[in-house]
Structure formats: structure tokens, C-alpha cells
Amino acid sequence: MVKLTSMVKTSGCAAKLPAADLHKIIDSLEVLQSDSLIEGFENADDAFVYDLGDGRVMIGTIDFFPPMVDDPFTFGEIAAANALSDVWAMGGEPKVAMNLMCFPACLELSVMKRILEGGLAKAKEAGCVIAGGHTISDPTPKYGLSVTGFAKRDGFWSNGGAVAGDAIVLTKRIGVGVVNTASKGGCAPEDAVRAAVESMTTLNRRAYEYAKDLRVHAATDVTGFSLLGHSSEMADASGLTLRIFKDEVPLIPSALELAKSGFCPEGMYSNRDFLENKVVAETAISRELEDLLYDPQTSGGLLLSMPKEDAKKFVSSFGSPAAIIGEAIVRMKDVSIAIC
């Protein structure tokens, strides 16, 4: 069987366009107005939020990417988990989805079936129905979902709204991009690959369930623009600076060693280029750990800004690998992220 990863140059969320290039286009577009559209693309939020006028909002998102693993079923699971995550990151529950599939004519149709079965398995686990989809022929395989969910009008989350004094919680380890890059070259330890796949296939549903009855001031998930990138979006949308405690960030096993050996995905460099002027290091940090903070994640964890007492309750009840990795502070001039 053809290795799926041999058919792609970049994989997973590392295949995202560089943030700088994306913003050049997005920021130039006209913003269409609607009294019912509460959240659009203006603040780089995870999904749109549309007021249904009956005390509920509809949350919609779309995400797809090339494979980062060779097993078709696992690829389907990861892509679906990644797309579903955006709804939980907005404080909603995914209910209906549609498949998006780009499939090469050179592959057996059984491969497509297994990818779709992987996505279906994660949708079922999420309590979400897949109601159809769209498929085109493409030399590079890609898969994902368009997902619709719902939340209470006064209960959804956005990436803005963090309050100075909040604790910042991360619910998954980082380093997936580095491990995937090393794995493509056959250089990643088996335990690191297993940990990365387990992380990528784990739904953020449980994190949402544990957080929904606590006070969440702001939320997002950590994907292709890295921990620092998505933290920066939260900081900017909230008008604050986030201080990240570098030694508290949970890491995938062996990710630090692999980063030190140079297994850095291309997206890491574009993330660094886009963010460097927004980030300051208040204490010394090794290059390899800094690289991991810029590492593009695929199906990463939720990033939550919560009052400290709620954050402690969440981490205590949720358990490992969730951790308090930072705090929200009064805005430092021209600084989105301070690393200490």
C-alpha cells in the first residue's frame, strides 16, 4: 500500500498557509455585516457564531488537510477530531458535519473508505452526525469536515474576553509537528509517535465537558499557528499580554530532543517569522524549547483563560496532561506574549 505521507510535502495543520500571507489577504477583504453574526473572521476566532434568535447560537467551522500518518483510518480520525475541536473551542456542541475529501486517482478506493470510516468513528464518539459531503479528484490526498454546532446565546466562548489575573490552561501536550516531521524520516522513537497519535486522535470533548460549568473568559484551540500563535491571537483579541511559563508547558515525549536534532517543520519557521516582534523572553530559553512553542500542532488541546480558582479546579479534575501554563496580565506595549 502507498504511504500516504509520501504523497505530501507538508502534513496536518503544518500545511496551513503562513499567518503573515493569510492576514495580507483576509485583512484586505470587506467585512459583510449582519446583526445576527456575532463572531466572524475579524478576530481570528475558531468558528463563526450566528444568533438564531431563540436563545441559541449556531457555530460553524471547516477544516481539512493532508495526511500526517500513513494509516488511512487514523488519518480520518485525526482530521475529524481536529475539525470538531473548533466547535468545542467556542463553547458549543457539534451536531452535524459534512465530509470534505480530495482523493488521488492513483489510490485504491478502499483507502478512501478507510479515511471516511475513521472520520465517522470520531463523529460518532463526538455525538455528531455526518450528513454527506463533497469529493474531488486531486493528486494530494486531503480530508476534513465542515461542522455545525450549537450553544446557548449567553454561554458560548470566544478567543477575546480574557481578564488580567486569569490563569491560562492547556489541555494537551505540544510537539506534534516536530514528532511528525521526525517520523516521516523514520527518526522518531516509537513512544513519541504513539504519544503524538494518541494526542491527535483524542477529542477535545472531555476538556469542554470539564470546563463548561466553570468560568471561561476566553478559549481557543492550539493548531497550526502554534501555542504562541494562538496565545497571541487570544492576547490581541483581549487587549492583554499572556505570560507563558515555559517550564510548565507539557511536551510530547522526545519532542525536545528531536527539536534539538533539527526536525523542525516548515510551518515552525513561518510561525516564528510572523510572531517574533510580538514575543519577548523575560528569562533565558533554549532554542529547542522555543522552537516547540512555535511548533505547528495538529488537533491540539484547548487553551482556556479562566479565574485562577477555576483553573485549579479544572486541572485537578481533568488530570494530566492539562496544566496551568501562564497568566493574563495588563498589556505590555507591543507585546502579545511574554515567556518566563
Side-chain angles (χ1 to χ4, degrees), residues 12-13 39 44-47 49 59-65 68 74-97 118-128 130 144-151 155-159 168-177 195-214 216-227 229-231 233-234 249-250 252 296-306 310-311 313-315 317-325:
C13 288
E39 295 285 347
D45 232 321
D46 296 293
V49 179
I59 299 171
T61 185
I62 186 170
D63 211 322
F64 69 109
F65 46 55
M68 71 304 297
T74 304
F75 170 44
E77 287 185 300
I78 293 169
N82 182 76
L84 291 160
S85 177
D86 283 343
V87 176
W88 289 309
M90 298 295 292
E93 298 181 1
K95 293 299 181 182
V96 63
L120 180 62
K122 282 298 162 181
K124 288 174 67 176
E125 185 181 340
C128 179
I130 294 184
L145 297 175
S146 171
V147 188
T148 301
F150 301 92
F156 74 91
W157 306 332
S158 73
N159 66 355
I168 307 301
V169 173
L170 179 64
T171 67
K172 288 186 183 182
R173 296 180 175 90
I174 67 168
V176 165
V197 170
E198 180 182 3
S199 178
M200 291 186 290
T201 56
T202 297
L203 296 178
N204 279 325
R205 180 180 187 174
R206 180 169 171 263
Y208 158 77
E209 294 285 352
Y210 275 72
K212 69 179 182 179
D213 294 325
L214 299 172
V216 176
H217 291 152
T220 188
D221 61 353
V222 179
T223 55
F225 294 143
S226 76
L227 173 60
H230 293 286
S231 296
E233 290 174 345
M234 180 182 288
V249 178
I252 296 285
Q297 303 302 288
T298 297
S299 188
L302 295 188
L303 190 72
L304 307 169
S305 182
M306 312 170 74
D310 291 76
K313 288 179 183 177
F314 177 89
V315 170
S317 59
F318 187 87
S320 179
I324 294 173
I325 65 157

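The first residue of the sequence shown is numbered 1, and numbering continues consecutively from there.
- Looking only at side-chain heavy atoms (C-beta outward), Thr202 and Ser299 stay at 4.5 Å or farther from each other.
- The CD1 atom of Ile78 lies 5.0 Å from the CE atom of Met68; values are rounded to the nearest 0.5 Å.
- Between the side chain of Lys172 and the main chain of Ser199, a donor-acceptor pair closer than 3.5 Å is present.
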Decide side chain to side chain contact (heavy atoms under 4.5 Å, CB included) for Asp86 and Val147; before the verdict, give the C-alpha distance in whole Å, the side-chain angles of both, and the deciding distance to 0.1 Å. CA-CA 9 Å; Asp86 283 343; Val147 188; over 6 Å; no
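- Taking all atoms of both residues into account, the shortest heavy-atom contact from Val176 to Gln297 is N-OE1, 3.2 Å.
- For Phe156, the ring-ring contact (aromatic ring centres under 6.0 Å, His included) test picks out no residue, with sequence neighbours left out.
- The main-chain N or O of Leu302 is found under 3.5 Å from a side-chain atom of Thr171 such that the two form a donor-acceptor pair.
- Ring pair Phe75/Phe65 is tilted by interplanar angle, where 30° to 60° counts as tilted.
- Summarising the geometry of Ala151 relative to Gly92, their closest heavy-atom pair is CB-CA, 3.8 Å, with the distance given to 0.1 Å.
- Here the shortest heavy-atom pairing between Val87 and Pro94 reads CG1-N, 3.5 Å.
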Point to revise | side chain to side chain contact (heavy atoms under 4.5 Å, CB included) assessment of Thr223 paired with His230 | key: CA-CA 8 Å; Thr223 55; His230 293 286; 3.2 Å; yes
**Message:** Please determine whether side chain to side chain contact (heavy atoms under 4.5 Å, CB included) holds for the pair Cys128 and Leu84, giving the CA-CA distance in whole Å, both sets of side-chain angles, and the decisive distance to 0.1 Å.
**Reply:** CA-CA 9 Å; Cys128 179; Leu84 291 160; 4.1 Å; yes
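- Nearest heavy-atom pair, Trp88 versus Ala126, reported as atom, atom and distance to 0.1 Å: CH2-CB, 3.6 Å.
- Among residues two or more places apart in sequence or in another chain, the side chain to side chain donor-acceptor pair (under 3.5 Å) test is passed with Lys212 by Glu209.
- Between the CE atom in Met234 and the CD1 atom in Ile168 there is a gap of 6.0 Å [rounded to 0.5 Å].
- Using modelled atom types, no side-chain atom of Asn159 and backbone atom of Asp221 make a donor-acceptor pair closer than 3.5 Å.
- Separating the NZ atom in Lys313 from the CE atom in Met306 is a distance of 9.5 Å, to the nearest 0.5 Å.
- In plain terms, the two heavy atoms of Ser85 and Asn204 that are nearest each other are OG-ND2, 2.8 Å.
- Evaluation of the side chain to side chain donor-acceptor pair (under 3.5 Å) rule for Ser305 yields Asp166 as partners, not counting sequence neighbours.
- Separating the NE2 atom in His217 from the CG atom in Asp310 is a distance of 7.5 Å, to the nearest 0.5 Å.
- The distance from atom CG of Leu227 to atom CD1 of Ile174, rounded to the nearest 0.5 Å, is 5.0 Å.
- Judged by distance alone, with hydrogens and angles left aside, the side-chain atoms of Lys122 form a donor-acceptor pair with the main-chain N or O of Thr201 at under 3.5 Å.
- For the residue pair Ser226 and Val222, the shortest heavy atom distance occurs at C-CG1, 3.8 Å.
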